[in-house]
Peer 1: 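Attaching a single structure in structure tokens format; questions to follow.
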There are 2 protein chains.
Amino acid sequence: MSKISSVSGFPEWLPEQRIAEQWVIDQVREKFELFGFAPIETRVVEPLDQLLKQGETDKEIYVVRRLHASEDEDNTGLGLHYDLTVPFARYVSQYRGQLQFPLRRYQIQKAWRGERPQEGRYREFTQADIDVVAEGELPIAADAEMPMLLYEVLTSLPIPPVKLFVNNRKILDGAYRAIDVVDVTGVIRIVDKLAKLGSSGVGQLLVEQGGLSPAQADLCLKLAEIRTADSSFADRVRALGLSDPVLDKGLHELTFVMDALHEGTKDFAVADLSIARGFDYYTGSVYEGVMVGHEALGAVCSGGRYDNLVSVRGKPLPGVGVSIGISRIIGRLFKRELLVSSRKSPACVLVVIQSDDQRRAAFATARTLRARGIATETYLEPTKLGKQIRYADQKGIPFVWFLGTSPDGDDQVRDIRSGDQFSADPERWLPPSEDLKPHVSLRST
Amino acid sequence: MSKISSVSGFPEWLPEQRIAEQWVIDQVREKFELFGFAPIETRVVEPLDQLLKQGETDKEIYVVRRLHASEDEDNTGLGLHYDLTVPFARYVSQYRGQLQFPLRRYQIQKAWRGERPQEGRYREFTQADIDVVAEGELPIAADAEMPMLLYEVLTSLPIPPVKLFVNNRKILDGAYRAIDVVDVTGVIRIVDKLAKLGSSGVGQLLVEQGGLSPAQADLCLKLAEIRTADSSFADRVRALGLSDPVLDKGLHELTFVMDALHEGTKDFAVADLSIARGFDYYTGSVYEGVMVGHEALGAVCSGGRYDNLVSVRGKPLPGVGVSIGISRIIGRLFKRELLVSSRKSPACVLVVIQSDDQRRAAFATARTLRARGIATETYLEPTKLGKQIRYADQKGIPFVWFLGTSPDGDDQVRDIRSGDQFSADPERWLPPSEDLKPHVSLRST
């Protein structure tokens, strides 16, 4: 091994961290499935021309080609996907005849972007996405389901609370149109920087880069400053005196989404008219969540409604979805040592051996314990007992099993945390349920 | 979407197939953890020079680079990993100070090889690997554990039975040395084609390409023809009259591995002295499993002992491991429609709605059912009931929930398979346990 080093932006975790990451992913998956979302996985590559068509990510794409590819090989124009939405849109078009609509799918996979690595921004990262896509109309009820689902998923994780901001692009589009903004997308991109640059910074940009008059910029900012915990945002928008049918539609949709939220989500989701999201393909609801106390990290989940991203033979299939940034969340928590696993191994029991001829008995005992669902490792050689027990301790394996050590020849098991040791039968013994598997938790600071 | 098409060798599955794949992966993972293997995941890229050092895979590597990378960027020499062993070896070296040895890790990830796609050979595929790596000596007990673990894993899956062939490279190395073979690796590679080419084909190659005399070739073939269900292979090797200390060590090790197997594995593992495995880095035990009735597919699991693959500051860390070819197994079974999921959605219940004002009640009922672990979807609009029920039927969702339809205003639930319908309370109703989640099974032919 000549060159052993990290590759910047491609994070790797220790086993105890991977246990925590899997715990998080398992929880996410369980909740997704409870909502009736079916899993899919897409290949990691997409044709380059597809990847280059969407949004602002052209400079960040990784190209993939065979080392000895011939020039005319059709696979030369491939790149790693930079999100899971573009591959999903392609998947829906490609397999449409074999899918049932409305299609509810989840997808937990890695994606790659060649951006400059920094905290919360990796070049290789894992995302957990859900989307609903319909043939014909997709009711606004689908948009209302997203915050409910995010609430269930995110509150089930051992992470700090997440605050979700919800908006609707039609409100922005309609309001900007009502005040005669020409480059709506350009203005949306500038307003999207509000959290970063503040009101005055964005106001200045709107005039200088966006070409707005000070009065137009002022209205954009007034709109962006509206944030309510319920659907009262609508009255505040109407108070601005704007009139536009698309604006009205947006207000109606966002009102539906906010009104559908149940009591439990009161502190979770708020309507925030500054939220825009960068991608061009959003046409209605947009969502963006931040981890409370970690706002500078940026969005840990986001998504929205896209009515024209997926199409088959010219006919669009409307969709709505959200994405949870698994790597961004756990990367931050690992760095701060906030997300911790109770052990470095799934093993609950280590069977120790004191002579070569105990090996077969050790294997048999381990087999018995495993058949009863107790994760068990056997020590591989009869070294000093102290060394074997220290090994269990280092990995956080809570129980050590001794073969035939009791006065009447029974096996014994020791809780190495307390030192308690007692006779035990591998056919009957059970650890306390909280010791059966590693436990992952958020450390309070 | 201009170009919607498959990319040759990059398989994708429908939701019901992905449910089956996840079922398989979950089972594998559960068994790995029962044996006390801890999870890790490595980045998908490795430095190209590392990837080019091992084995015969140089032509098959995918190079990865940023679309707009500058020439001097240090990330330009990266490739996608073609297996999980080389990245694992690098991981162990890189994080050694933070790991506990013997390290028992599992890793279930994709890998990429630019080979010509054919059945069972994908360019993108998922593997499930386990390895044990020690500082200092790694006892032969670790080699003996691999077939036991493979037995537990593979018999728990809804796949045809697997037959495992076990050999030891030292037997081949020692025997070939005893008959004065010069290019041991070359001869091993030829003998490895026995299943493909047959005795006479290999015999001819050994003479023509391997440069052996007919007598040497004959002994190589005689050795390769030894296959026993227990450790009686050793007597048959000794009967060939060969003498070499490395051969003796190999016989001793393989005897240990075969003798450690318990009764249950009798039909599972056999000693087969023709098994060699292609990679150069194996130094002792080698394993290779085929699916009974699908032998032409090639190995569905394989691995071996490598004493010199992993090293830190010139000191080797011996290891042993096996890899299960998830994509190869399920790809074959999907193609033959042998591996099937009972439904296309994780949902157990579909809550239907008959008017717009039932939406909030539908969301609340779904929430109650989900909180009790019952995967529930709500239909998104009050279309014709027949359409909503047909949708449940198409996805294989077994139960449809009606809000307040009983004469006394209670909810009702219908098993759409039998048509049975009865009053139900979302706080109390439970589906039969076999209906709670999709069931994945091997279809008998």
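In the text below, chain A, chain B and the rest are named by the order of the sequence lines, each starting its count at 1.
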Peer 1: Could B:R370 and A:E145 be called an ion pair, given the rule that one side-chain N must be under 4.0 Å from one carboxylate O?
Peer 2: yes

Peer 1: Taking B:A366, B:A347, B:P139 one by one, which has the highest count of heavy-atom pairs under 4.5 Å against chain A?
Peer 2: B:P139

Peer 1: Is a side-chain N or O of A:Y391 found less than 3.5 angstrom from the main chain of B:Q100, in a donor-acceptor match?
Peer 2: no

Peer 1: As a test of understanding, state which of B:E16, B:R18, B:E21 forms a side chain to side chain contact (heavy atoms under 4.5 Å, CB included) with A:P39.
Peer 2: B:R18

Peer 1: Report the option among B:I19, B:T42, B:L350 that has the most heavy-atom pairs separated by less than 4.5 Å from atoms of chain A.
Peer 2: B:T42

Peer 1: Does any non-hydrogen side-chain atom of A:L380 lie less than 4.5 Å from one of B:L138?
Peer 2: yes

Peer 1: Run A:F10 and B:V45 through side chain to side chain contact (heavy atoms under 4.5 Å, CB included) and show every step you take.
Peer 2: CA-CA 8 Å; A:F10 289 73; B:V45 293; 3.6 Å; yes

Peer 1: Could you tell me whether a side-chain N or O of B:E124 sits under 3.5 Å from a main-chain N or O of A:V44, the two making a donor and an acceptor?
Peer 2: yes

Peer 1: Is there side-chain contact between B:Q394 and A:F101, with at least one heavy-atom pair below 4.5 Å?
Peer 2: no

Peer 1: Sub-3.5 Å donor-acceptor pair from the side chain of A:R66 to the main-chain atoms of B:G114, do we have one?
Peer 2: yes

Peer 1: After noting the C-alpha distance and the side-chain angles of A:V7 and B:R43, does the key distance pass the side chain to side chain contact (heavy atoms under 4.5 Å, CB included) rule?
Peer 2: CA-CA 9 Å; A:V7 177; B:R43 61 187 192 223; 3.4 Å; yes

Peer 1: Would a 4.5 Å heavy-atom cut-off, applied to side chains only, mark A:L80 and B:Y62 as touching?
Peer 2: no

Peer 1: Distance-only, no hydrogens or angles: does the A:Y95 side chain make a donor-acceptor pair with backbone N or O of B:E12 under 3.5 Å?
Peer 2: no

